[in-house]
Amino acid sequence: MAITFTNVFKDKILDTIRKFLTTEFAGAITVYTGTFKNMGNQSIRLTPVGNDLVTQTSGLGELRDYIVDIGYYFKEKTLKRDVWEHILRQVSRIENLFDDNRNNTYLDGRLVSMRINEKTAEEEEIEGLNVVKWEFRGKYFSNQS
């Protein structure tokens, strides 16, 4: 017997986030999912990390907290005051977008931490690359009977 299911991570979490980011930045910043890519001057990468069970209700389904790493990439070799102002303006804009979409398809979506220029070895290889990374968590009720 085949089961029916929804691909929660893709359809309810990643696609929802991608949609509001793409709408806001209207092609000025590429939004993608997957392995790191050198995508021009600015990009946002969504990386699914995992989920945690919050509660399971017999016969009703389960509430899970989905975890996504969000990376904002900006290339600039010389970090002068106006460049930092641009980066921090984009950081505030992105954080406000997530706050405005706190209860989108998912519940209680929140950016729980943010780090600037903590880079992977792969990211370090790109000259002038600056990175802002957040951990996003959002709940979704699924597997309803």
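Treat the numbers as computed from the prediction; the structure is a model and nothing was measured.
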*Kindly determine whether Phe136 and Ile17 satisfy side-chain contact (heavy atoms from CB on, under 4.5 Å), including the steps that lead there.*
CA-CA 10 Å; Phe136 167 84; Ile17 294 170; 3.7 Å; yes
Residues Asn130 and Glu76: closest non-hydrogen pair is ND2-O, 3.2 Å
Nearest heavy-atom contact between Glu118 and Glu123 is O-OE1, 4.1 Å
Mind listing the side-chain donor-acceptor pairs of residues 5-14 below 3.5 Å, one per line with the distance, residues two or more places apart or on another chain?
unit_1 : atom_1 : unit_2 : atom_2 : d
Asn7   : OD1    : Lys10  : N      : 3.3
Lys10  : NZ     : Asp15  : OD2    : 2.8

task = Return yes if some donor-acceptor pair links the side-chain N/O of Asp108 with the main-chain N/O of Asn103 below 3.5 Å, else return no.
result = no
Closer than 3.5 angstrom, by distance alone: can the side chain of Glu24 be matched with the main-chain N or O of Leu21 as a donor-acceptor pair? no
Please check if [X] and [Y] belong to a single hydrophobic cluster, counting links between Ile, Leu, Val, Met, Phe, Trp and Tyr side chain heavy atoms closer than 4.5 Å.
{"X": "Val91", "Y": "Leu97", "result": "yes"}
{"X": "Leu129", "Y": "Val83", "result": "no"}
{"X": "Ile94", "Y": "Phe20", "result": "yes"}
{"X": "Met39", "Y": "Ile126", "result": "yes"}
{"X": "Leu111", "Y": "Tyr66", "result": "yes"}

With the side chain counted from C-beta on, respond yes when [X] and [Y] share a heavy-atom pair under 4.5 Å apart, and no when they do not.
{"X": "Phe141", "Y": "Arg64", "value": "no"}
{"X": "Ile116", "Y": "Leu88", "value": "yes"}
{"X": "Trp134", "Y": "Val68", "value": "no"}
{"X": "Asn101", "Y": "Tyr106", "value": "yes"}
{"X": "Phe98", "Y": "Asn104", "value": "no"}
{"X": "Asp65", "Y": "Asn51", "value": "no"}
{"X": "Arg18", "Y": "Thr33", "value": "yes"}
{"X": "Glu62", "Y": "Thr55", "value": "no"}

Other residues, nucleotides and ligands only: do more than 12 of their heavy atoms fall within 6.0 Å of CD on Glu127? no
Considering only distance and modelled atom types, tabulate donor-acceptor pairs under 3.5 Å from the side chains of residues 41-49, sequence neighbours left out.
unit_1 : atom_1 : unit_2 : atom_2 : d
Gln42  : OE1    : Tyr72  : OH     : 2.6
Gln42  : OE1    : His86  : NE2    : 3.3
Gln42  : OE1    : Gln90  : NE2    : 3.4
Arg45  : NE     : Tyr73  : OH     : 3.3
Arg45  : NH1    : Gly34  : O      : 3.3
Arg45  : NH2    : Tyr73  : OH     : 3.2

*In plain terms, say whether Arg137 and Glu135 are close enough for a salt bridge, that is, a side-chain N and a carboxylate O under 4.0 Å apart.*
yes
| query | Are any of the side-chain nitrogens in Arg110 or Glu95 under 4.0 Å away from the carboxylate oxygens of its partner? | reply | no
Here the gap from Thr57 atom OG1 to Leu63 atom CG, rounded to the nearest 0.5 Å, amounts to 8.0 Å
Walk me through it: do Lys75 and Asn38 pass the test side-chain hydrogen bond (donor to acceptor under 3.5 Å, both in side chains)? CA-CA 10 Å; Lys75 285 187 198 167; Asn38 190 353; 2.3 Å; yes
### Task
Could you go through the side-chain contact (heavy atoms from CB on, under 4.5 Å) check for Lys133 and Asp69 one step at a time?
CA-CA 7 Å; Lys133 294 181 180 177; Asp69 283 344; over 6 Å; no
